[in-house]
There are 2 protein chains.
Amino acid sequence: MPKANDSQPVPAYAHIVNTISDRIASGAYEAGGRLPSESKFCAEFGVSPMTLRRSLNILIARGLIVTEKGKGTFVRPVVLKDSIFKLEDLAGEFFDESVEMRLLEASTVGASERVAAMLRVPQGERVVYLRRLALKHKKPAMYHVEYVLYDPRQPLVESQLQLTTLDGFLETARGRSFPRGTITLRAVALSAKDAEILGEPGDSPALCLEHVFEDTERGPVSWGWFLMRADLFELRAHLGPE
Amino acid sequence: MPKANDSQPVPAYAHIVNTISDRIASGAYEAGGRLPSESKFCAEFGVSPMTLRRSLNILIARGLIVTEKGKGTFVRPVVLKDSIFKLEDLAGEFFDESVEMRLLEASTVGASERVAAMLRVPQGERVVYLRRLALKHKKPAMYHVEYVLYDPRQPLVESQLQLTTLDGFLETARGRSFPRGTITLRAVALSAKDAEILGEPGDSPALCLEHVFEDTERGPVSWGWFLMRADLFELRAHLGPE
DNA sequence: CAGTGGTCTAGACCACATG
DNA sequence: ATGTGGTCTAGACCACTGC
């Protein structure tokens, strides 16, 4: 009855999120301070409790506010450990037209002790072995090594090779998708061999992104890592509103 | 009318999230496959559309499902670039009783060209200079350097020194909280000087966590970085349900 | 057209905190 | 007892898709 909903491209809950977020950013609501109660907000924005609550839940998820039952809602002070690094951001900055993907090797090898342990297969078992190099402006930037479970019934290698096209290099990392994975990020010094491939001096620092993908019941299906030149890759996080 | 709500510690929307999440994890809903419609779900779980929607929104935020207007809801295949690294996890693993914090230096210095640029003050301006060392099991593990805007009116140094107590080292990183910050994570090779402080050979790899905190109107207020031994620090992300 | 996702209401009820 | 956060309903309306 109140009024026809104006088919806004921006839904009410999103508008409220933006408004409150801006107020926190501008200092209108001070850090640690108390916000108006939910009923006050409902009155101000002219929405029902459900809609207002939805907005608050989003702000809570973003870490901008905290709520305490019976007491009120407060601006949550920003804290260093809140930092969140998204691999997507890194990939987004890196991948553009200047990037070329090169397949260095695609073969099957007998699993070494280490590989056998990671993929949970008997030592010496045949596994797919892949090595790729990403060049940016014609210069080596990222080196990728991967071991994949070998299944003679399926054209695994085939789906792997498609990834040379850069589409979905970091995007799917598998032709088929898997339900689980564990990713580890660390700093390393490049071995002489790896340094040569990347055109860097030996012992140069690099970011290492190790990945293990698992099937629902079979366990580990793929193990590999990306070596990224330290001067080209960094992860960035932003704290606070906006 | 339907029935008394059984004061469950687990709200209905959370239970639905868990249930659907488990089904995806177990493969009951296949990757990329279509889920039952919202009305079917409402019938199955005996909740209203709003509640069911809330659950779906959470699953969307977690990246487990995607929705397409007019078509349906689908299991979202897991993708490498979805990886999210939380500094909180790293801090949680590292900080325990075996960690000791040591203040190496707290003084004021004239801002170098670099420092002046980062804090946007005239070169030579007095700024607070802090150096700290975190030891784990009596061995150096993390080295922290920080420059802070010097405000004679406020006991900035005082609030800094409190951080030696480890409580809120990564936790608040500031005595007072600031609304904004930018954090950058990269791999570096330790300089001879830094390597000595950390008890490592020169050129050893390390994770560098650089941070800039900003006030609402003043701009940058603090600039610094953590150097973390590569053998002690790594960030881990998990893909998929659970 | 019917089915699907997506937003929203105007209440209701509960648990907790404060005086 | 009052005010706070927190969950939920039973509908409604809209936009989009596909037949």
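First the proteins, then the strands, lettered A, B, ... as listed; each starts at 1.
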- prompt: Do any side-chain nitrogens or oxygens of Tyr13(A) fall under 4.0 Å of OP1 or OP2 in dC8(C)?
  reply: no
- line: Correct closest heavy-atom pair for Tyr29(A) and Arg23(A) would be OH-NH1, 2.7 Å
query: Is Glu30(B) atom CD crowded by more than 12 heavy atoms from other residues, nucleotides or ligands, each under 6.0 Å away?
result: no
Any side-chain donor near an acceptor of the partner, Tyr143(B) and Arg229(B), under 3.5 Å: no
message: Please tell me if Thr73(B) has a side-chain N or O lying less than 4.0 Å from either OP1 or OP2 of dG5(C).
response: yes
- prompt: Do Thr73(B) and Glu38(B) have side-chain atoms, one donor and one acceptor, less than 3.5 Å apart?
  reply: no
message: If I take atom CG in residue Asn57(B) and atom P in nucleotide dT7(C), what distance separates them, rounded to the nearest angstrom?
response: 6 Å
Separation of atom CZ in Arg54(B) from atom C1' in dT7(C), rounded to whole Å: 15 Å
statement: So, with a heavy-atom separation below 4.0 Å from DNA chain C, the residues of residues 38-51 of chain B are Glu38(B), Ser39(B), Met50(B)
field: Between dT7(C) (C1') and His15(A) (NE2): distance, integer Å
entry: 16 Å
query: Roughly how many Å is it from CG in Leu35(A) to C1' in dG3(D), rounded to a whole number?
result: 16 Å
task: Examine the side chains of Trp225(B) and Glu146(B) and answer whether a donor and an acceptor come within less than 3.5 Å of each other.
output: no
- line: Nearest heavy-atom approach of Ser83(A) to Leu239(A) is N-CD2, 3.8 Å
query: Parallel under 30°, tilted from 30 to 60°, perpendicular over 60°: which one fits the rings of Phe213(B) and His211(B)?
result: tilted
query: How many Å lie between CG on Leu52(A) and P on dG11(C), as a whole number?
result: 16 Å
Axial cation check for Phe94(B) ring with Lys136(B), 6.0 Å and 45° limits: yes
Write down the protein N/O and nucleotide N/O pairs, taken from nucleotides 16-19 of chain C, whose separation is under 3.5 Å; answer none if there are no such pairs.
none

- line: Arg34(B) atom CZ is separated from dG3(C) atom P, nearest whole Å, by 12 Å
query: Between Arg120(A) and Pro220(A), what is the shortest heavy-atom contact and its length?
result: NH1-CD, 3.5 Å
